[in-house]
There are 2 protein chains.
Amino acid sequence: MLDHPILARMVRKMETRAKLDDSDREALHALRFQERVYEAGAYLVREGELREHCALILEGFAYRQKHTIDGARQIVSFHVAGDFVDLEGALLRRADHSLQMLTRCRIAEIPVATISALVEAHPRVGKALWVDTLIDASIFREWIMNVGRRPARQRLAHLYCELAKRLKLAGLGDESGYRMPITQDQLADATGLTPVHVNRSLKALEIDGLIIRQGRLVVIPDWDLLRECSDFSELYLHLDQTA
Amino acid sequence: MLDHPILARMVRKMETRAKLDDSDREALHALRFQERVYEAGAYLVREGELREHCALILEGFAYRQKHTIDGARQIVSFHVAGDFVDLEGALLRRADHSLQMLTRCRIAEIPVATISALVEAHPRVGKALWVDTLIDASIFREWIMNVGRRPARQRLAHLYCELAKRLKLAGLGDESGYRMPITQDQLADATGLTPVHVNRSLKALEIDGLIIRQGRLVVIPDWDLLRECSDFSELYLHLDQTA
DNA sequence: GGCATAAGATAACATAGATCATTTTTCTGC
DNA sequence: GCAGAAAAATGATCTATGTTATCTTATGCC
């Protein structure tokens with residue numbers, strides 16, 4: 001049983017999602033994983049593939065995407081260090097979406113069979129992972145609303161708010177700003193807009209003093225203002241998940 | 001242990017999602033639930049509420065929705081007989097969306113604590129429920145893409161395709177058509193469009209011979225045609241989930 | 001430290017879909 | 001079987017966002 005700092009952090013996260021006992025904790029700490037580095041742009045899974053591993057992001061950013069028959073892309077989520085991605089690998093046959101690295105990432109890969117066995121032996125761990133999926137689903141719902149019912153500026157502002165909260169959780173920023181290398185093209189594909197219009201809308205947000213962009217850095221001068229004008233409410237992130 | 005036909009059907013569904021043994025099956029059959037009828041338009045849960053029950057639809061249609069601060073509505077999913085709704089109730093504190101009846105529904109309500117205990121005692125049942133949530137999440141992802149990247153007609157056609165497949169699973173129709181009382185207003189809120197534009201787009205679909213509407217009945221004269229032109233691929237429904 | 005390439009910005013113009021207003025049809029309850 | 005309400009249909013007009021094209025600025029690489 002390695003006492004790996006990565007595992008320790010992961011276990012801490014799991015503990016916020018379900019009550020664990022000592023044997024659960026031990027089982028988690030005993031997890032064998034393989035650490036791998038993926039370059040920016042590399043795929044972890046592609047739509048339609050069978051997966052053999054579940055993956056935990058140790059460092060870096062990633063995103064999930066789907067493609068329309070005529071080549072349009074929709075990004076359906078962004079992921080940061082500490083996020084399980086591709087948990088569905090453990091239980092669903094084929095990937096219904098692709099997972100691509102936004103930046104170079106360090107990834108911990110755990111064989112699907114290991115997760116499956118873990119969950120059978122440790123139902124509370126299963127619960128914790130289920131909660132993870134439930135929260136993911138909640139975020140997807142919010143994205144449907146974002147893309148379906150909010151005007152361009154609000155959509156973008158909302159995404160900036162979500163990222164602030166989630167990066168804070170990962171210890172990578174807070175409501176006053178953060179660093180995240182998302183391209184305007186990627187923002188467009190995440191919000192269902194056009195790169196050109198993203199550009200215009202971001203400019204408008206900046207002129208109104210809602211955000212300040214400095215290269216890869218986003219500064220949020222007035223969190224409450226941004227939150228209000230983007231209709232952001234953190235309820236859907238279920239940050240308070242203390243079982 | 002009641003040998004209720006409803007439970008029998010539910011157990012059959014769970015078995016397609018994870019391998020169960022006799023004790024799992026028994027535990028499921030032993031589930032106590034309360035059957036209630038909700039009128040069309042009634043709420044099962046409202047955004048922000050705490051929930052005490054998980055719910056299974058026995059009969060009727062329902063949908064999940066969220067509201068923008070300025071009153072816009074987004075429907076994020078439709079549900080049919082046999083669907084678990086509000087499974088998140090078992091593990092997440094507050095509802096991040098509302099659940100409203102599309103038609104009068106017969107609902108089986110199971111206390112949250114019961115589900116929670118069931119899952120701890122029967123990890124394979126937990127897995128099955130987790131798979132349920134994973135599939136839900138996959139459907140949400142497809143909806144993000146639908147709303148974000150497909151033009152109006154395709155969006156609607158895609159929704160019709162999804163409903164055909166899911167209603168078939170519930171034994172309520174198939175690829176040649178089905179009965180489902182969705183209003184054009186509701187279609188609009190599900191696709192991120194305007195009722196007026198839904199009306200026009202449906203008319204266009206009908207003129208092109210892709211669908212025929214007769215009151216609450218939808219007839220699909222040529223499934224392959226509709227499927228192709230709506231960019232529908234059933235992969236995301238994970239219908240083949242044989243553990 | 002300059003060259004190649006990707007990302008960002010901007011402008012002119014086009015259009016899918018939104019809005020608003022009105023009419024027709026279809027349900028639903030008595 | 002009828003009255004009232006909800007849903008569907010349709011027309012005229014408007015606008016947020018898309019498209020295409022070009023230019024500028026960063027970024028990373030040898």
Side-chain angles (χ1 to χ4, degrees), chain A residues 39-41 61 63 68 70-75 100-104 146-159 179-208 211-218 229, chain B residues 39-41 61 63 68 70-75 100-104 146-160 179-208 211-218:
Chain A
E39 294 304 318
F61 300 100
Y63 58 93
T68 267
D70 35 54
R73 172 175 73 161
Q74 177 71 47
I75 290 177
Q100 195 171 14
M101 304 298 109
L102 185 57
T103 61
R104 168 197 285 245
N146 205 36
V147 169
R149 283 294 180 229
R150 285 198 265 255
R153 283 181 34 158
Q154 251 187 343
R155 264 185 237 183
L156 287 160
H158 192 278
L159 179 55
R179 234 184 86 85
M180 199 183 169
I182 306 183
T183 261
Q184 292 185 0
D185 269 40
Q186 290 157 344
L187 282 175
D189 286 334
T191 51
L193 297 167
T194 267
V196 176
H197 200 58
V198 165
N199 186 292
R200 285 193 279 247
S201 305
L202 289 180
K203 192 180 166 191
L205 286 175
E206 197 157 31
I207 286 173
D208 291 356
I211 57 166
I212 300 166
R213 292 168 296 157
Q214 305 172 163
R216 259 94 215 250
L217 196 76
V218 185
C229 97
Chain B
E39 294 303 319
F61 300 99
Y63 58 93
T68 267
D70 35 54
R73 172 174 73 160
Q74 177 72 46
I75 291 178
Q100 197 171 13
M101 304 299 109
L102 185 57
T103 61
R104 167 196 286 244
N146 206 35
V147 170
R149 284 291 181 232
R150 284 199 264 255
R153 282 182 35 160
Q154 250 187 342
R155 265 185 236 184
L156 288 160
H158 192 278
L159 179 54
Y160 277 128
R179 236 184 83 85
M180 199 183 169
I182 305 182
T183 262
Q184 291 185 2
D185 268 42
Q186 291 157 344
L187 281 176
D189 285 334
T191 50
L193 297 167
T194 266
V196 176
H197 200 58
V198 165
N199 185 292
R200 286 194 271 251
S201 305
L202 289 179
K203 192 179 166 192
L205 286 175
E206 197 157 29
I207 286 173
D208 291 358
I211 56 166
I212 300 166
R213 293 168 295 158
Q214 304 170 164
R216 261 93 214 252
L217 195 77
V218 185

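Naming: A, B, ... by sequence-line order, numbering from 1 per chain. If you're wondering where the values come from, they're calculated on a predicted model, not measured in any experiment.
Counting only heavy atoms from C-beta outward, the side chains of B/Q74 and B/T68 never approach each other to under 4.5 Å. Between B/M180 and B/L102 the shortest side-chain heavy-atom distance falls below 4.5 Å.
Between A/S201 and D/dT17, a side-chain N or O to OP1/OP2 separation shorter than 4.0 Å is absent.
A straight line from CG of B/D189 to P of C/dA18 spans 11 Å, rounded to a whole angstrom. Between the P atom of C/dT19 and the CG atom of B/D70 lies a distance of 11 Å, rounded to the nearest Å. In this structure, B/R155 places its CZ atom 9 Å from C1' of C/dG17, rounding to the nearest Å. Between B/E39 atom CD and C/dT28 atom P the separation is 13 Å, expressed in whole Å. Between A/Q154 atom CD and D/dT17 atom P the separation is 10 Å, expressed in whole Å. Distance CZ (B/R149) to P (C/dG17): 13 Å, rounded to an integer number of Å. As rounded to whole Å, 14 Å separates atom C1' of D/dT10 from atom NE2 of B/H197. To the nearest angstrom, C1' of D/dA16 lies 14 Å from CG of B/L193.
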Between the protein and nucleotides 5-9 of chain D, which nitrogen or oxygen pairs are less than 3.5 angstrom apart?
from	atom 1	to	atom 2	distance (Å)
D/dA8	OP2	B/Q184	N	2.6
D/dA9	OP2	B/Q184	NE2	2.4
D/dA9	OP2	B/N199	ND2	2.9
D/dA9	OP2	B/R213	NH1	3.2
D/dA9	O5'	B/N199	ND2	3.4

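Put simply, the side chain of A/Q100 never gets that close to the backbone of A/Y63: no donor and acceptor are under 3.5 Å apart. Within the 3.5 Å criterion, the main-chain N or O of B/L193 finds a donor-acceptor partner in the side chain of A/R149. Formation of a donor-acceptor pair under 3.5 Å by the B/E206 side chain with backbone atoms of B/R213 is found in this model. Although no hydrogens or angles enter the test, the distance criterion places no donor-acceptor pair under 3.5 Å between the side chain of B/R150 and the main chain of B/R155.
In the interface, the side chain of A/R200 is paired with the base of D/dG18 through a donor and an acceptor atom under 3.5 Å apart.
Looking at A/D189, A/T183, A/T191 one by one, the single match for side-chain contact (heavy atoms from CB on, under 4.5 Å) with A/V198 turns out to be A/T191.
Counting any heavy atom pair closer than 4.0 Å across all strands shown, B/P151 reaches sugar-phosphate atoms only and no base atom.
Toward the 5' end of DNA chain D, the nearer of the two residues A/T194 and A/G215, judged by each one's closest nucleotide, is A/T194.
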